[in-house]
Amino acid sequence: RVNRNAEQKSLCEKAAAAPTSTMPAVEVPDWLSEVEDAVWHALCTTGVERPNSCVANLYADGMESVDWHADNEPLFEGLLGDCRIVSLSLGETRRFDLRRRRGLSNPQQHLERVSVDLQHGDLITMEGCFQKHWYHRVPKAGGVTRPRINLTWRSIRRHHATCPLAKKMCHDCCSSCGGMV
Ligand SMILES: O=C(O)CCC(=O)C(=O)O
Ligand SMILES: [Fe+2]
């Protein structure tokens, strides 16, 4: 699925913001499996759990952007522990800005910033407690007339009680509850 306008919240964010809404699971299409295989091969993440969700963002041109945010929706549990987010850029080069969140002990800390130009084929990962301590954005870019697509993989950890994955995960850790969470 492609978010037509990245200014809108991602599908996962929408699902997280409206806890009563659920996103139906869909089979990963073959073309996406091939992309994922190539991405995981490039990252050399043999033996590391593959994320179980992928969101696509389409930026039709430089006027489409996504403002400062952290991917800290409860369903990813990125504020509770380590959380890996893998992102692939396709098409037009766009700037990716990162800034540290304001620290209680150091109010100037939020001024720490990093920017990187994401080009066609670039892969980035955000690791560990990054979503707790840093914000990111893709700002508007004057003069950019061609599209960029971003594919972002995240692990959904908080599943709906009726989700087969919730039951599977529960079975793995606790056989006494009969798989119900
Ligand atoms: O387009 C990008 O590289 C970032 C997208 C993003 O931050 C998001 O979907 O949460
Ligand atoms: Fe994000």
Side-chain angles (χ1 to χ4, degrees), residues 1-19 21-26 28-29 31-32 35-36 38-40 42-43 45 49-102 110 112-159:
R1 296 175 186 211
V2 172
N3 282 346
R4 177 62 187 77
N5 184 346
E7 292 268 20
Q8 297 167 359
K9 287 186 172 289
S10 72
L11 292 172
C12 286
E13 287 170 289
K14 279 185 192 160
S21 75
T22 54
M23 303 306 295
V26 289
V28 176
W31 65 266
L32 184 56
V35 174
E36 289 183 357
V39 166
W40 255 256
L43 290 175
T45 51
E49 175 200 12
R50 283 202 192 198
N52 58 15
S53 79
C54 180
V55 167
N57 290 310
L58 169 65
Y59 304 78
D61 57 32
M63 289 301 96
E64 296 195 343
S65 61
V66 63
D67 205 0
W68 288 115
H69 69 284
D71 295 359
N72 56 7
E73 297 79 11
L75 77 170
F76 306 125
E77 299 189 340
L79 301 182
L80 300 179
D82 285 356
C83 165
R84 167 174 290 140
I85 296 174
V86 176
S87 162
L88 172 67
S89 293
L90 299 169
E92 195 61 28
T93 299
R94 294 289 296 264
R95 203 178 81 219
F96 189 64
D97 292 333
L98 307 154
R99 78 170 160 87
R100 196 183 254 280
R101 300 177 78 157
R102 187 192 301 268
H110 70 286
E112 192 179 341
R113 270 173 80 145
V114 181
S115 293
V116 58
D117 280 335
L118 295 180
Q119 301 179 355
H120 179 69
D122 279 352
L123 274 177
I124 58 165
T125 71
M126 295 185 272
E127 305 274 343
C129 292
F130 193 86
Q131 304 307 321
K132 194 171 172 182
H133 299 297
W134 290 75
Y135 286 123
H136 57 276
R137 74 170 180 180
V138 178
K140 287 188 171 30
V144 172
T145 56
R146 295 184 338 151
R148 167 177 181 265
I149 290 176
N150 160 254
L151 296 178
T152 300
W153 288 271
R154 304 176 179 89
S155 282
I156 295 173
R157 304 211 175 280
R158 200 168 292 181
H159 298 275

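In each ligand, atom 1 is the first atom listed, and ligand 1 is the first ligand listed.
- Among the candidates Leu58, Thr93, Val138, Leu90, the single residue satisfying the side-chain contact (heavy atoms from CB on, under 4.5 Å) test with Arg148 is Val138.
- Arg101 and Tyr135 get closest at one heavy-atom pair: NH2-OH, 3.1 Å.
- Among the heteroatoms counted here (N, O or S) of Asp71, OD1 is the one nearest to the Fe ion (ligand 2).
- Rounding to 10 degrees, one finds that the Fe ion (ligand 2) sits at the corner of an angle of 90° between His136 NE2 and His69 NE2.
- Assignment of Arg148 to the shell around ligand 1 is supported, since a heavy atom sits closer than 4.0 Å.
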Determine, stepwise, if the pair Asp71 / His69 fulfils side-chain hydrogen bond (donor to acceptor under 3.5 Å, both in side chains).
CA-CA 7 Å; Asp71 295 359; His69 69 284; 3.1 Å; yes
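- Contacts between Arg154 and ligand 1 below 4.0 angstrom, taking non-hydrogen atoms only, involve the side chain exclusively.
- Counting atoms of ligand 1 from 1 in the listed order, those under 4.0 Å from a heavy atom of Asp71 are 10 (O).
- Residue-to-ligand polar distances keep Thr152 apart from ligand 1: every N/O pair is separated by 3.5 Å or more.
- Applying the side chain to side chain contact (heavy atoms under 4.5 Å, CB included) rule to Ser155 yields the partners Glu49, Pro51, Asn52, Arg157; only residues at least two apart in sequence or on another chain are considered.
- Close approach of ligand 1 to Asn57 (heavy-atom distance below 4.0 Å) involves ligand atoms 5 (C), 8 (C), 9 (O).
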side-chain hydrogen bond (donor to acceptor under 3.5 Å, both in side chains) between Asp97 and Ser115, intermediate numbers included:
CA-CA 4 Å; Asp97 292 333; Ser115 293; 2.6 Å; yes
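- Under 4.0 Å from ligand 1, the heavy atoms of His136 that appear belong solely to its side chain.
- Ligand 1 has His69 within reach: a non-hydrogen atom of the residue lies less than 4.0 Å from it.
- Judged as a side chain to side chain contact (heavy atoms under 4.5 Å, CB included), and not counting sequence neighbours, the contacts of Thr152 are Ile85, Ser87, Asn150, Arg154.
- Less than 4.0 angstrom separates some heavy atom of Tyr59 from each of these atoms of ligand 1: 1 (O), 2 (C), 4 (C), 5 (C).
- Residue contact annotation: Val55 has no non-hydrogen atom under 4.0 Å from ligand 1.
- Side-chain contact check for Pro139 versus Arg95: some heavy-atom pair is nearer than 4.5 Å.
- Interface of Val138 with ligand 1, defined as ligand atoms under 4.0 Å from a residue heavy atom, comprises 1 (O), 2 (C), 3 (O), 4 (C).
- Note on ring orientation: taking the six-membered ring where Trp is involved, the planes of Trp40 and Trp153 are perpendicular (angle over 60°, cut-offs 30° and 60°).
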